Amino acid sequence: MESSELFWESSIEELEAGYKLLDGAYICLLCGKAFENGLIYRIGGDKLADAERAVREHIAVDHRSSFDSFLKLDRKYTGLSEQQQTMMQYFYEGVGDKEISKRLRLTQSTVRNYRFRLKEKARQAKIFLVLHQMMEKSVNEEDRIVDVHRNATMIDERYSVTESERLERLSRFFNENGELIRFPKKEKDKVIVLREIARVFKPGLNYSEEQANEMLKTFYDDYVLLRRCLIEYRLIDRKPDGSAYWLVF
């Protein structure tokens with residue numbers, strides 16, 4: 001399962017918690033870090049914790065909370081204006097309407113109206129989600145739109161890809177041994193090909209540069225080109241010194 005599938009197929013409860021249990025490990029849905037179930041981890045300097053407590057501590061220390069991480073997502077994902085984001089942050093922190101009105105120089109009725117509109121937005125989102133899920137059940141598999149990976153920088157027509165189109169393009173660029181015949185020139189083809197190659201990186205694992213290069217060589221001789229493009233399209237990331245590479249969430 002690639003990172004976009006792992007994220008978008010998680011339940012609301014799992015997204016709220018910020019992690020999910022997958023194949024014997026608790027995976028942070030905010031960055032992909034994995035905590036293997038059954039192992040003991042050191043947290044807070046000298047404390048020991050099981051995997052689930054460790055992933056919770058990781059989220060609190062490294063991300064503050066799943067709320068903070070999701071609220072910072074681009075508007076194309078949240079649909080929230082900057083003002084709405086500010087309001088939700090205050091509401092989440094338990095700041096009262098009177099204090100918010102002072103901080104933002106708004107009337108209390110305006111603040112209450114924001115609360116009302118956000119609640120209406122949540123109701124609409126819930127109904128839309130039900131409608132969309134019911135609609136998707138009637139869509140042929142080949143006509144389903146492929147999920148966009150969460151860290152895509154510019155969502156445009158490059159990402160408007162059906163499952164049948166994805167499979168057709170993959171058969172065009174990969175041979176029967178899974179090797180890349182040629183590197184695509186068109187942007188949409190690049191996205192499809194690179195996402196397929198990124199599947200070789202497993203969620204929650206770090207790879208050395210040597211390991212990453214060896215994996216990419218199995219697809220194409222110019223592994224440096226693949227590595228650069230995977231980073232450019234925010235499918236993988238690396239430490240500044242190149243000592244570690246990982247799948248981006």
Side-chain angles (χ1 to χ4, degrees), residues 1-45 47-78 80 85 88-89 92-93 146-155 159 191 194-212 215-216 226-249:
M1 182 180 291
E2 64 171 293
S3 60
S4 62
E5 293 174 338
L6 181 61
F7 181 84
W8 294 117
E9 292 183 6
S10 296
S11 67
I12 291 177
E13 291 74 21
E14 289 168 335
L15 290 170
E16 184 177 352
Y19 66 91
K20 73 180 299 176
L21 181 62
L22 178 70
D23 297 333
Y26 288 96
I27 308 293
C28 173
L29 295 172
L30 311 177
C31 69
K33 189 172 183 178
F35 296 82
E36 188 175 342
N37 200 19
L39 296 184
I40 300 298
Y41 293 84
R42 189 175 297 278
I43 62 173
K47 296 180 181 178
L48 299 178
D50 60 20
E52 186 169 15
R53 184 180 174 189
V55 72
R56 288 176 177 171
E57 180 73 9
H58 158 73
I59 291 171
V61 173
D62 290 10
H63 306 292
R64 288 188 61 189
S65 70
S66 54
F67 180 91
D68 287 283
S69 294
F70 294 148
L71 194 64
K72 293 174 184 175
L73 289 175
D74 191 276
R75 184 175 181 175
K76 62 179 176 282
Y77 294 113
T78 66
L80 297 171
Q85 288 178 315
M88 290 195 78
Q89 186 69 56
Y92 176 74
E93 293 171 355
V146 178
D147 283 334
V148 178
H149 63 282
R150 189 164 65 92
N151 283 293
T153 52
M154 290 181 60
I155 298 181
Y159 293 94
V191 170
L194 290 170
R195 289 189 65 173
E196 184 66 17
I197 292 173
R199 287 174 178 268
V200 74
F201 294 87
K202 302 304 179 185
L205 297 183
N206 285 353
Y207 300 86
S208 67
E209 186 170 281
E210 183 179 0
Q211 288 174 318
M215 291 191 301
L216 296 178
L226 296 183
R227 192 181 68 205
R228 184 176 69 247
C229 290
L230 286 168
I231 293 172
E232 179 184 341
Y233 282 78
R234 300 291 304 279
L235 290 162
I236 67 171
D237 203 352
R238 66 176 179 178
K239 289 186 177 180
D241 61 1
S243 62
Y245 290 76
W246 59 87
L247 188 67
V248 171
F249 268 60

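Keep in mind the model is a prediction, meaning the values are calculated, not measured. The basis for the numbers below is simple: all heavy atoms, side chains too, and nothing from hydrogens, waters or symmetry mates.
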Problem - pair V248-L235: side-chain heavy atoms closer than 4.5 Å - result: no

Handout entry: Check: L48 and R42 side chains under 4.5 Å, non-hydrogen atoms
Key = yes

Completion exercise
Contacts of E14 meeting salt bridge (charged side-chain N to carboxylate O under 4.0 Å, His left out) (sequence neighbours excluded), chain-then-number -> K20

Practice task
State which residues pass salt bridge (charged side-chain N to carboxylate O under 4.0 Å, His left out) with R56; sequence neighbours excluded, sorted by chain then number.
Solution key: E52

Handout entry: Q89: side-chain hydrogen bond (donor to acceptor under 3.5 Å, both in side chains) partners, not counting sequence neighbours
Key = D68, E93

Fill in the blank from the handout: Taken in chain and number order and not counting sequence neighbours, the residues that satisfy side-chain hydrogen bond (donor to acceptor under 3.5 Å, both in side chains) with D62 are H58

Practice task
Look at the side chain of S10 and the backbone N and O of L15, then say whether any donor-acceptor pair between them is shorter than 3.5 Å.
Solution key: no

Practice task
Output yes when a side-chain donor or acceptor of Y41 lies under 3.5 Å from a complementary backbone atom of E36, and no otherwise.
Solution key: yes

Non-hydrogen atoms of [X] and [Y] that approach each other most closely:
X: I27; Y: G32; result: CG2-O, 3.9 Å
X: M215; Y: Y207; result: CE-CD2, 3.6 Å
X: I197; Y: L226; result: CD1-CD2, 3.9 Å
X: L30; Y: S66; result: CD1-CA, 3.9 Å
X: V191; Y: Y233; result: CG2-CE2, 3.9 Å
X: Q85; Y: L71; result: NE2-O, 2.8 Å

Which distance, rounded to the nearest 0.5 Å, do you find between the [atom1] of [X] and the [atom2] of [Y]?
X: D50; Y: Y26; atom1: CG; atom2: OH; answer: 7.0 Å
X: K76; Y: T78; atom1: NZ; atom2: OG1; answer: 9.5 Å
X: H63; Y: K33; atom1: NE2; atom2: NZ; answer: 8.5 Å
X: C31; Y: D237; atom1: SG; atom2: CG; answer: 11.5 Å
X: N206; Y: R238; atom1: CG; atom2: CZ; answer: 14.0 Å
X: I236; Y: I231; atom1: CD1; atom2: CD1; answer: 4.5 Å

Evaluate whether atom [atom1] of [X] has more than 12 neighbouring non-hydrogen atoms of other residues, nucleotides or ligands under 6.0 angstrom away.
X: N37; atom1: CG; result: yes
X: E16; atom1: CD; result: no
X: L39; atom1: CG; result: yes

Handout entry: N-O pairing of D241 and K239 below 4.0 Å
Key = no

Problem - For A17, side-chain contact (heavy atoms from CB on, under 4.5 Å) partners two or more places apart - result: Y19

Problem - side-chain contact (heavy atoms from CB on, under 4.5 Å) partners for A60, two or more places apart - result: none

Handout entry: Distance flag, aromatic centroids of F201 and Y245, threshold under 6.0 Å
Key = no

